[in-house]
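Quick caveat: nothing in here was measured; it's all calculated off a predicted structure.
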Number of protein chains: 2
Amino acid sequence: MPRRARGVYPWWHGRFRGFGHRITLGREAILDVLIKANKHLSAEDIYMKVHSVYPSVGLTTVYRTLEILVKLGIIYKFDFGDGRARYEIVKDPKGVDHHHHLICSNCNRVIDYTEFIDDEVELFKRTEEGLAKKYDFKITNHLIQFYGLCKECSGKNKGF
Amino acid sequence: MPRRARGVYPWWHGRFRGFGHRITLGREAILDVLIKANKHLSAEDIYMKVHSVYPSVGLTTVYRTLEILVKLGIIYKFDFGDGRARYEIVKDPKGVDHHHHLICSNCNRVIDYTEFIDDEVELFKRTEEGLAKKYDFKITNHLIQFYGLCKECSGKNKGF
DNA sequence: TTGTTAATGGAAACCATATTCAATAAGGAG
DNA sequence: CTCCTTATTGAATATGGTTTCCATTAACAA
């Protein structure tokens with residue numbers, strides 16, 4: 001937890017407090033890990049990193065904090081099909097770091113890609129508007145993932 | 001399991017046998033349920049339906065069969081975020097039944113939509129080609145889901 | 001500083017899915 | 001049609017990520 005200049009608070013404190021949540025050491029540490037990692041991490045990944053600095057923070061707190069962060073829209077929760085969820089800090093959809101995922105059905109390797117995002121975002125904007133109107137559904141975000149076989153697996157594995 | 005005219009086999013038998021799998025009563029019943037349901041079902045949903053007709057078919061067989069069907073590309077497996085997977089028969093991407101999902105973050109209701117699919121298919125064709133080339137990744141399918149608040153939930157629930 | 005109440009961690013509970021294993025049956029060979 | 005090999009099966013049990021319980025601690029408003 002980097003020391004903070006007097007009276008200067010991280011961007012997310014307002015949103016956090018605004019929903020009635022308290023700022024705690026554990027929560028700061030957890031979000032700090034997500035921000036610094038800048039890639040998808042499992043709850044256990046996060047727990048281990050936080051725990052190495054603050055051994056008093058338990059796995060339960062990690063799960064509870066992640067749940068809040070997801071609901072507040074501060075982080076994303078992904079399912080890559082290997083039985084454990086992954087979490088990732090939300091970036092501006094227009095930002096440089098925004099990406100989607102390629103998932104290998106065989107080895108579960110996950111590749112981030114940033115190409116074609118502009119086209120996708122453009123299409124989604126249109127689709128979202130149409131769907132929101134038709135179903136009276138307030139869309140907050142979308143999930144896009146491609147599945148297939150990665151370079152290593154496509155050679156040896158023929159389906160099953 | 002409807003009686004079959006002599007020598008006439010369901011479309012999926014060839015693919016099934018081709019991969020060395022045997023055709024069994026349980027497997028026919030399970031796939032039959034998926035075909036007739038024509039919507040996403042959980043393993044338990046499928047188990048109960050099959051079990052009501054063939055009490056001898058166990059939940060284990062349902063899971064094992066679903067795993068094979070997914071690997072053979074005969075059904076899709078979805079995660080809607082409520083902790084249990086859903087399965088759905090694969091239809092031709094150009095077919096009328098092809099659809100994607102709108103998921104309510106609050107009540108977990110899932111809405112199927114078929115609108116705008118053409119645009120998406122078009123975009124994905126381009127994206128898939130580009131990604132396949134760049135990452136040497138053999139894409140077999142994609143997942144798109146929109147998250148947000150449904151009509152019922154958007155009024156009362158403000159985030160958290 | 002104090003009081004109210006959210007937050008915490010460790011243990012236990014949960015629950016969907018996976019695995020084990022002996023019994024059974026699909027389907028090719030004869 | 002029958003036999004034989006071996007995939008498939010169900011029941012019970014294990015697994016493992018996530019959630020809940022509950023007594024204790026600490027955030028922060030007054």
Side-chain angles (χ1 to χ4, degrees), chain A residues 1 4 7 9-10 12-14 16-31 40-48 50-72 75 77-87 108 160, chain B residues 1 4 7 9-10 12-14 16-31 40-48 50-72 75 77-87 108 160:
Chain A
M1 210 61 10
R4 192 157 61 231
Y9 299 97
W12 53 273
H13 275 206
F16 226 74
R17 300 286 297 114
F19 280 91
H21 298 296
R22 294 174 179 174
I23 309 296
T24 68
L25 189 77
R27 288 171 174 180
E28 292 207 287
I30 290 164
L31 196 40
H40 52 265
L41 297 173
S42 67
E44 180 107 24
D45 290 338
I46 296 165
Y47 169 69
M48 289 193 297
V50 170
H51 194 261
S52 71
V53 183
Y54 298 98
S56 68
V57 176
L59 184 55
T60 303
T61 292
V62 172
Y63 275 108
R64 278 188 290 227
T65 301
L66 291 172
E67 188 185 353
I68 294 171
L69 292 171
V70 168
K71 288 217 176 186
L72 293 188
I75 63 175
K77 180 179 183 178
F78 290 106
D79 167 61
F80 294 151
D82 65 347
R84 75 186 53 188
R86 304 304 160 96
Y87 302 85
N108 283 314
F160 201 15
Chain B
M1 211 61 7
R4 195 156 56 233
Y9 299 97
W12 52 272
H13 276 206
F16 225 75
R17 300 285 300 115
F19 279 91
H21 299 297
R22 293 176 179 174
I23 309 297
T24 68
L25 188 77
R27 288 171 175 180
E28 292 207 287
I30 291 164
L31 197 40
H40 51 266
L41 297 173
S42 67
E44 181 107 23
D45 291 337
I46 296 165
Y47 169 70
M48 289 193 296
V50 170
H51 195 262
S52 70
V53 182
Y54 297 98
S56 67
V57 176
L59 184 57
T60 304
T61 293
V62 171
Y63 275 108
R64 279 188 289 225
T65 301
L66 290 173
E67 187 185 351
I68 293 171
L69 292 172
V70 169
K71 287 217 178 187
L72 293 187
I75 63 174
K77 179 179 184 178
F78 290 106
D79 167 60
F80 295 150
D82 65 346
R84 76 186 54 188
R86 304 304 160 96
Y87 302 86
N108 283 314
F160 201 16

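Straight-line distance from the CG atom of A:Leu41 to the P atom of D:dG17: 15 Å, rounded to whole Å. Summarising the geometry, the separation between CG on A:Leu66 and P on C:dA7 is reported as 15 Å, rounded to the nearest angstrom. Across the protein-nucleic acid pair, A:Phe80 atom CZ and D:dG17 atom C1' stand 16 Å apart, rounded to whole Å. Rounded to an integer number of Å, the gap from OH of A:Tyr47 to C1' of C:dT8 is 13 Å. In this structure, the OH atom of B:Tyr54 is 14 Å from the P atom of D:dT9, given to the nearest Å. Residue B:Ile30 contributes atom CD1, which lies 11 Å from atom C1' of D:dT8 at whole-angstrom precision. Whole-Å rounding puts the B:Asp82 CG to D:dG17 C1' distance at 15 Å.
When all heavy atoms are compared, the tightest approach of A:Pro10 to A:Glu28 is CG-OE2, 4.4 Å. Considering every non-hydrogen atom in both A:Val53 and A:Pro55, the closest pair reads O-CD, 3.4 Å. The two atoms that bring A:Val57 and A:Gly26 nearest to each other are CG2-CA, 3.9 Å, heavy atoms only.
Nearest-nucleotide mapping onto DNA chain D: of B:Val57 and B:Gly20, the residue sitting toward the 5' end is B:Gly20.
Classified by interplanar angle (parallel below 30°, tilted 30° to 60°, perpendicular above 60°), the ring pair A:His40/A:Phe80 is perpendicular.
Note on B:Ser56: only backbone sugar-phosphate atoms sit closer than 4.0 angstrom, heavy atoms only; bases stay farther off.
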Do nucleotides 17-30 of chain C as a string where each nucleotide becomes B, S or -: B if the base has a protein heavy atom under 4.0 Å, S if just the sugar-phosphate does, - if no protein is that close.
S-BB-----BSS--
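Remark: side-chain polar atoms of A:Arg17 are not paired, donor with acceptor, to backbone N or O of A:Ile23 under 3.5 angstrom.
Looking at residues two or more places apart in sequence or on another chain, you find a side-chain contact (heavy atoms from CB on, under 4.5 Å) between B:Tyr47 and B:His51, B:Leu59, B:Val62.
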